[in-house]
Each structure stands twice: as C-alpha cells, then as structure tokens.
Amino acid sequence: MALTPETLTRHELIGLRVRVADAPNPDLIGIAGRIVAETMQTFVVETSEGETKQVQKRGSLCEFRLPIEAPGGAITTDTDEAAGDRKVPGSSSELGMETAGVRPRQSVPSASVRADAASPDGECEDGVYVTVDATTLLSRPAERTEVTGDSKWR
Amino acid sequence: MTIAEERIDRLAELAREAAIDGEYDRSREYVRLARRVAERNRCGLPRRFKRFTCDDCDVFLRPGRNARIRLQDGHVVVRCDCGATKRYPYRA
C-alpha cells in the first residue's frame with residue numbers, strides 16, 4: 001500500500017517534508033523541514049538551515065507533504081481507491097483520522113486530514129499536502145504500522 | 001506489498017543516504033527501526049538489506065567507504081569498519 005493520506009499515520013514519516021501548523025509551544029509553530037528522526041512523543045525536524053528541532057506530537061498540528069509517485073492527476077484516484085478498499089474499525093490510535101473527508105473540495109472543515117492534490121498543470125508545488133493532528137501519531141515508530149490489527153497473528 | 005515492507009524499503013533508502021552524507025549514527029537508527037518493523041510484522045528483510053547492513057553496529061554498508069569486500073573461495077567476505085565480518089556464499 002502506497003503512502004497516501006489514508007495510510008500516512010501507519011506509514012514511515014521519516015524523510016517526509018513537514019511544517020508545524022500549530023503546537024502548544026508557540027516557538028515551535030512554523031518550523032518546516034524534513035523529518036530525520038521520530039520518537040514515541042516527538043519528531044526531529046531538520047530545517048533548511050541545517051538545524052534540528054525537536055517537536056512534540058501531543059497537541060500539535062502537522063502538515064505533511066507527500067511525494068507524488070504517479071505523474072499527473074493520478075494521485076487523486078489513488079487516494080480514493082485506498083479510501084474505498086479498506087474499512088478501518090474505530091480504534092483508539094485512529095481517533096483523529098477522518099478517512100471520509102479526504103477528497104479535495106469535499107472535506108469537512110473539522111476533519112483532521114485534508115488533502116489538496118496538486119493540479120496537473122503544476123500551478124503549485126508538487127506533492128499532496130496532508131494536515132494531521134499529530135496526537136494521532138503518538139505511538140512507537142516501529143509499532144505504528146500494525147495498530148489497526150491487520151496482522152494475521154491477531 | 002504491505003505497509004511494513006514499504007517502510008523497510010524507505011528506511012533502507014534513507015539509511016543509505018544518511019551513510020552517504022557521513023551521518024552514520026542516523027543511518028544506524030534507520031536500520032534498527034527497519035529491523036524492528038520487520039520483526040514486529042514478521043515479514044523478513046530483503047536480501048539486499050541483509051547484505052548491506054552490519055549485523056554488529058547496524059550501519060548501512062557502502063563498499064569501499066565503510067566496508068571492505070573480498071572474494072574468497074566460494075564466499076564473499078564483508079568486513080565493516082567496526083571490525084565485524086559477514087560472509088555469504090556465491091556460486092562461480
């Protein structure tokens with residue numbers, strides 16, 4: 001399963017571009033850069049100046065930029081497919097995720113995930129922007145992948 | 001391809017890039033995380049990953065940079081800068 005807005009919370013976050021949209025500590029708001037490390041409660045973000053900043057997940061709002069793998073507008077169809085083929089029963093670690101509202105321009109303002117697909121004409125910077133309430137990412141990095149319990153051993 | 005396998009692939013690539021930048025400790029973190037993901041999800045690691053990471057110090061190995069690779073009779077010897085040796089067979 002590719003990295004889509006739906007799978008983001010279970011996927012690898014290291015290496016993604018991120019911008020801190022909101023945080024309990026006002027000094028952390030606006031930090032933008034690449035995630036270089038992740039702990040259970042924090043991200044380590046490397047900014048363009050080469051500094052590393054540690055941002056807490058609890059209570060902050062992060063905007064991730066997902067790379068576009070297929071050129072053109074294919075990403076929107078990918079997104080919808082992924083939303084359709086897997087129904088996640090509500091689990092505590094997925095509380096903030098709203099998989100219903102991810103279609104561009106159909107999203108509810110209160111939804112915690114918003115995806116804006118870049119237009120195929122290349123008007124804005126390449127990538128899909130997803131805003132996630134980082135409280136949903138509070139988990140050990142290695143164990144996030146399995147939290148919905150699709151492991152065959154459960 | 002499951003999310004776990006994809007994460008392992010991404011982490012292997014990140015570990016390689018970190019090793020290229022000389023960030024060996026960061027590369028070790030990525031390799032350890034990838035191993036942990038594989039263990040938790042029981043999916044194993046790709047052969048490339050096993051052969052290009054050090055079992056002892058977990059760093060991503062770059063032949064000629066932080067690893068010496070020698071061919072011997074029937075097997076390849078990979079020696080990391082930390083001194084750990086790994087061997088795997090080959091058929092001529």
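Chain letters run A, B, ... following the sequence lines, proteins first, then strands; residues in each count from 1. Excluded from the calculations below are hydrogen atoms, water molecules and symmetry mates; all remaining heavy atoms, backbone and side chain alike, are included.
- By the 4.0 Å N-to-carboxylate-O rule, B:Arg32 lies too far from B:Glu29 to be salt-bridged with it.
- Evaluated for a side chain to side chain contact (heavy atoms under 4.5 Å, CB included) with A:Glu12, the options B:Asp9, B:Leu33, B:Ile8 yield exactly one hit, B:Leu33.
- In this structure, B:Phe52 and B:Phe60 have parallel ring planes: the angle between them is below the 30° cut-off, well short of the 60° mark.
- Neither the backbone nor the side chain of B:Glu39 comes within less than 4.5 Å of any heavy atom of chain A.
- No salt bridge links A:Arg10 with B:Glu6; every basic N to acidic carboxylate O contact stays at or beyond 4.0 Å.
- Ranked by heavy-atom pairs shorter than 4.5 Å toward chain A, the options B:Arg26, B:Glu23, B:Arg36 are led by B:Arg26.
- Residue B:Leu11 touches chain A through its side chain alone, counting heavy-atom pairs closer than 4.5 Å.
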